[in-house]
Amino acid sequence: MALYQENDLRIYNSLTRKKESFEALNAPHLGLYVCGPTVYNDVHLGNCRTFISFDLVYRYLTHLGYKVRYVRNITDAGHLENDADEGEDKISQRARLEKLEPMEIVQKYTLGFHQIMEKFNAHPPTIEPTATGHIVEQIQMIEKILEAGLAYEVNGSVYFDVAKYNQSNDYGKLSGRKIEELISGTRELDAQSEKRNPLDFAIWKKAAPSHIQRWQSPWSEGFPGWHLECSVMSTKYLGPTFDIHGGGMDLKFPHHECEIAQNKASQGSEGVRYWMHGNMLTLNGQRMSKSTGNTLLPLELFTGNTEKLEKGFHPTVVRFFMMQAHYGSQLDFSNEALLAAEKGYHKLMDAWQKLQNAQAGSNGEFSVSEWRQRCYAAMNDDFNSPVLIAHLFEAVRFINSAEGAQLALNAKDLELLRQTFHDFLFDVLGLEEISESQGGEKLDQVMQVLIELRAQARADRDFALSDAIRDKLAAAGVALKDGKDGTTYTLEN
RNA sequence: GGUUCCGUGGCCGAGUGGCUAGGCAGGGCUCUGCAAAAGCUCCCACAGCGGUUCGAAUCCGCUCGGAACCUCCA
């Protein structure tokens with residue numbers, strides 16, 4: 001029996017605003033779509049949080065035994081900065097600034113994005129389609145929407161007719177908006193616009209003469225609307241109805257709302273059964289955003305090469321920090337919070353080291369099977385990683401309380417504890433052990449020599465010598481810890 | 001202005017009606033030659049004001065404060 005059959009996973013569905021029991025459409029197969037980045041710029045930490053959140057989702061679903069097809073797109077077709085008819089798209093703008101071809105920009109920042117996600121130990125999606133690789137399919141979807149009478153062409157551009165769609169559908173159901181309120185909230189439609197209604201959105205845009213990325217279509221030489229690619233690629237790879245669609249909270253409106261409308265208009269079904277939204281990462285209480293410049297780049301964070309931090313942090317520590325908050329909550333980023341997370345991370349990993357070397361004893365108070373159930377219950381409750389981590393720390397306390405290497409567990413329970421701890425720490429949370437010694441085995445051997453010499457000095461009660469060894473090593477960034485089973489060392493990073 | 005959400009102990013952050021996570025920091029104790037590490041333990045909080053209830057951080061109302069979205073952004 002697969003794990004997913006014995007676990008009642010509940011997911012907060014943005015569409016219904018409730019936690020719902022998750023039922024896969026075609027178990028064990030499961031379709032997951034996540035909106036990926038627009039690759040015109042370095043990916044910032046806020047972007048990363050969303051992808052790390054959904055990496056947790058992907059990992060847990062996989063752990064439960066689902067065969068997940070995980071699709072995450074790369075937006076590599078330039079889209080306009082705003083709804084104005086003229087203007088330069090972001091990729092072209094960047095290409096001009098860097099004196100590169102648009103596709104060089106795309107390549108450069110796609111590679112950079114992949115490198116960063118790898119550092120965070122985020123699994124790549126199983127399919128990573130690009131918008132420019134699916135122009136034909138996008139044109140086909142536009143044709144279907146036109147056939148359905150829910151779009152209109154003006155001067156080579158095609159717009160989705162939101163008002164008409166809303167006559168028989170509920171535009172705004174995902175984000176809780178009413179079309180009347182949206183209309184009253186918009187500025188007057190300016191005379192230049194080709195749109196019949198300010199809420200209408202472009203699904204094909206005729207390219208201005210200066211626009212570099214352009215494709216031939218039945219309507220004009222131009223480029224697809226931004227919202228279209230996700231509708232097209234999710235249905236192409238996951239089918240007209242699929243399990244989970246994720247993305248950042250900021251994409252709920254209008255992007256995801258438009259996706260629903262496009263799906264319904266082109267195929268009659270809305271496509272997505274469970275909508276999940278990751279919340280924003282804030283910096284100094286404000287959202288990180290490429291356009292406002294309130295950002296922190298992952299590399300700045302890793303190296304500490306920024307005024308916002310005292311020091312650098314290992315990617316897995318940052319990941320741990322993020323895992324200590326629920327994906328649906330806003331998380332504020334600060335130097336202090338990271339320092340606290342770093343210490344907690346080491347405590348967790350030290351316990352894992354001890355657990356690996358632990359030996360079985362006789363059964364005590366700690367019930368591994370009950371504890372294990374609590375770990376699953378935490379994750380089943382809408383991927384509640386902070387509660388899972390709290391449970392892991394319960395196990396840490398138990399592990400640390402052992403006399404010597406022997407735990408108060410029989411061999412079978414010890415193995416179950418080890419296995420469960422490992423599964424959640426590494427497979428589900430996706431944490432990694434920071435390799436302690438960059439010096440590798442050589443350093444380890446040298447350290448063993450020093451530790452033995454110091455142990456001898458202490459046995460001889462030559463504390464001046466033993467303390468000198470300890471102090472000088474500390475000054476060199478190597479901390480000695482005298483435990484019950486001898487001395488170990490850790491390196492400061 | 002509209003829509004959504006949040007306000008938890010020194011800090012971060014879970015928790016949707018009673019059983020009051022967890023991490024970091026701080027106090028005490030144990031261990032240790034000393035220190036660190038580790039363990040035990042203490043600090044029992046829920047923006048404010050009303051209301052519902054036998055009982056509320058948790059439900060309702062109001063006030064104050066903050067965030068996201070309503071224009072490209074994860």
Side-chain angles (χ1 to χ4, degrees), chain A residues 14 17 19 34-38 40-41 43-54 75 79-84 87 89-90 172 175-178 180-182 184-187 198-199 226 246-255 257 277-282 285-292 295 320-321 324-326 328-334 336-348 350-351 354 374 378 381 384-394 396-397 399-403 458 461-463 466-467 470-471 474 479-484 487-488 490:
Chain A
S14 303
R17 277 165 223 153
K19 278 186 199 168
V34 175
C35 289
T38 302
Y40 72 99
N41 207 327
V43 63
H44 70 250
L45 205 61
N47 295 300
C48 294
R49 183 187 181 200
T50 296
F51 303 128
I52 290 169
S53 293
F54 285 102
T75 298
H79 298 292
L80 294 178
E81 292 276 345
N82 53 47
D83 250 359
D89 74 86
K90 287 188 249 186
S175 52
R177 279 153 225 257
K178 302 254 180 296
E180 305 78 34
E181 288 166 358
L182 284 168
S184 64
T186 40
R187 284 168 245 116
L199 295 184
W226 173 46
M249 201 74 95
D250 53 340
L251 297 185
K252 209 180 203 180
F253 188 91
H255 185 61
E257 206 72 71
H277 288 93
N279 218 142
M280 300 293 99
L281 184 67
T282 57
Q286 296 294 129
R287 174 184 166 193
M288 281 196 203
S289 161
K290 288 184 190 179
S291 50
T292 61
T295 57
F320 176 72
F321 167 71
Q324 278 190 302
H326 185 82
S329 301
Q330 283 183 23
L331 177 62
D332 192 54
F333 199 88
S334 71
E336 285 161 342
L338 268 176
L339 284 170
E342 187 175 51
K343 289 190 179 170
Y345 163 84
H346 281 116
K347 188 172 173 180
L348 198 54
D350 288 349
K354 282 187 200 166
R374 285 203 300 278
D381 184 16
N384 199 327
S385 54
V387 169
L388 169 65
I389 289 171
H391 294 329
L392 291 180
F393 275 108
E394 280 176 43
V396 167
R397 193 151 22 121
I399 293 163
N400 284 335
S401 68
E403 291 291 325
R458 292 176 73 202
R461 303 195 67 78
D462 183 356
F463 298 123
S466 72
D467 288 353
R470 184 176 65 196
D471 295 346
L480 292 182
K481 293 175 190 173
D482 296 328
K484 283 170 181 158
T487 300
T488 56
T490 53

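As a basis for the values below, the full set of heavy atoms in this structure was taken, side chains included, without hydrogen atoms, waters or symmetry mates. So you know, we letter chains A, B, ... as the sequences are listed, proteins then strands, and number each from 1. What you are looking at is a predicted structure, and each value in this text was computed from that prediction instead of being measured.
- B:A68 atom C1' lies 14 Å from atom CG of A:Leu331, rounded to whole Å.
- Nearest heavy-atom pair, A:His277 versus A:Gly248, reported as atom, atom and distance to 0.1 Å: CD2-O, 3.5 Å.
- The phosphate of B:C40 (OP1 or OP2) has no side-chain N or O of A:Ser401 nearer than 4.0 angstrom.
- Nearer the 5' end of RNA chain B, as judged by each residue's closest nucleotide, is the contact made by A:Lys252, out of A:Lys252 and A:Lys481.
- A:Asn41 comes within contact range of no nucleotide atom at all, as no heavy-atom separation falls under 4.0 Å.
- Residue-level contact check: A:Arg177 touches the bases, meaning some heavy atom is under 4.0 Å from a base atom.
- Applying the side chain to side chain contact (heavy atoms under 4.5 Å, CB included) test to A:Val387 and every residue at least two apart in sequence or in another chain returns A:Ala378, A:Asn384, A:His391.
- A:Ser175 OG to A:Leu182 CG: the interatomic distance, rounded to the nearest 0.5 Å, is 7.0 Å.
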- Message: Go through it in stages, so that I can follow the logic: the residues are A:Leu281 and A:His44, the test is side chain to side chain contact (heavy atoms under 4.5 Å, CB included), and I'd like the CA-CA distance, side-chain angles, deciding distance and then a yes or no.
- Response: CA-CA 10 Å; A:Leu281 184 67; A:His44 70 250; over 6 Å; no
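- Using a 4.0 Å heavy-atom criterion, one finds that A:Phe253 contacts the sugar-phosphate atoms exclusively.
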- Scan nucleotides 16-30 of chain B nucleotide by nucleotide, 5' to 3', and note B when protein non-hydrogen atoms come under 4.0 Å of the base, S if they reach only the sugar-phosphate, - if neither. -----BSSSS-----
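- A pairwise comparison of heavy atoms in A:Gly247 and A:Thr50 identifies C-CG2, 4.0 Å as the closest pair.
- Heavy atoms only, all atoms of each residue included: A:Phe320 and A:Gly344 are closest at CE2-C, 4.0 Å.
- No contact: A:Leu392 has no heavy atom under 4.0 Å from any strand.
- In this structure, CG on A:Asp89 lies 11.0 Å from OH on A:Tyr40, to the nearest 0.5 angstrom.
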- Using the side chain to side chain contact (heavy atoms under 4.5 Å, CB included) rule, take A:Thr38 and A:His79 through it: C-alpha gap first, then chi angles, then the decisive distance, then the call. CA-CA 9 Å; A:Thr38 302; A:His79 298 292; 5.6 Å; no
- So what does the secondary structure string of RNA chain B come out as, 5' to 3', with Watson-Crick or wobble pairs under 3.5 angstrom, [ ] for crossing and | for pairs with another strand? ((((((((.[[[..)..(...]]].(((((.......)))))....[[[[[..)....]]]]])))))))....
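- The side chain to side chain contact (heavy atoms under 4.5 Å, CB included) search around A:Asn279 returns A:Arg49, A:Met249, A:Gln330, not counting sequence neighbours.
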- Show your reasoning for whether side chain to side chain contact (heavy atoms under 4.5 Å, CB included) applies to A:Leu199 and A:Arg177. CA-CA 12 Å; A:Leu199 295 184; A:Arg177 279 153 225 257; over 6 Å; no
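- Residue A:Asn400 places at least one side-chain N or O under 4.0 Å from the OP1 or OP2 atom of B:G39.
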Could you go through nucleotides 64-66 of chain B and list every protein N or O atom that sits under 3.5 Å from one of its N or O atoms, giving the distance for each pair?
none

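- Taking every heavy atom of both residues into account, A:Ala325 and A:Ser385 meet most closely at O-OG, 3.7 Å.
- The CD atom of A:Glu394 sits 11.5 Å away from atom CD1 of A:Ile399, with the distance rounded to the nearest 0.5 Å.
- Note on A:Gly278: nothing from the nucleic acid sits closer than 4.0 angstrom, heavy atoms only.
- A:Ser53 comes within contact range of no nucleotide atom at all, as no heavy-atom separation falls under 4.0 Å.
- Mapping A:Thr50 and A:Phe321 onto RNA chain B by nearest heavy atom places A:Phe321 at the nucleotide closer to the 5' end.
- Here B:G33 is the nucleotide among B:G33, B:A74, B:A35 with the atom lying nearest to any side-chain atom of A:Arg461.
- Between A:Asn279 and B:C5, a side-chain N or O to OP1/OP2 separation shorter than 4.0 Å is absent.
- Checking B:A14, B:C34, B:A74 against the side-chain heavy atoms of A:Phe51 singles out B:A74 as nearest.
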- Message: Could you go through A:Arg470 and A:Asp467, starting from their C-alpha distance and side-chain angles, then the distance that decides it, and tell me whether this counts as salt bridge (Lys or Arg N to Asp or Glu O under 4.0 Å)?
- Response: CA-CA 5 Å; A:Arg470 184 176 65 196; A:Asp467 288 353; 3.5 Å; yes
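- Side chain of A:Gln324 to backbone of A:Ala341: no donor-acceptor contact under 3.5 angstrom is found.
- Residue contacts for A:Thr488: at a heavy-atom cut-off of 4.0 Å it reaches no nucleic acid atom on any strand shown.
- When each of B:A74, B:G33, B:A14 is scored by its nearest atom to the side-chain atoms of A:Asp467, the top-ranked nucleotide is B:G33.
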Each nucleotide N or O in nucleotides 59-61 of chain B that has a protein N or O under 3.5 Å away: list the pair and distance.
none

- Message: With side chain to side chain contact (heavy atoms under 4.5 Å, CB included) as the criterion, how do A:Tyr345 and A:Leu348 come out once you've worked through the C-alpha distance, each side chain's angles and the decisive distance to 0.1 Å?
- Response: CA-CA 5 Å; A:Tyr345 163 84; A:Leu348 198 54; 5.7 Å; no
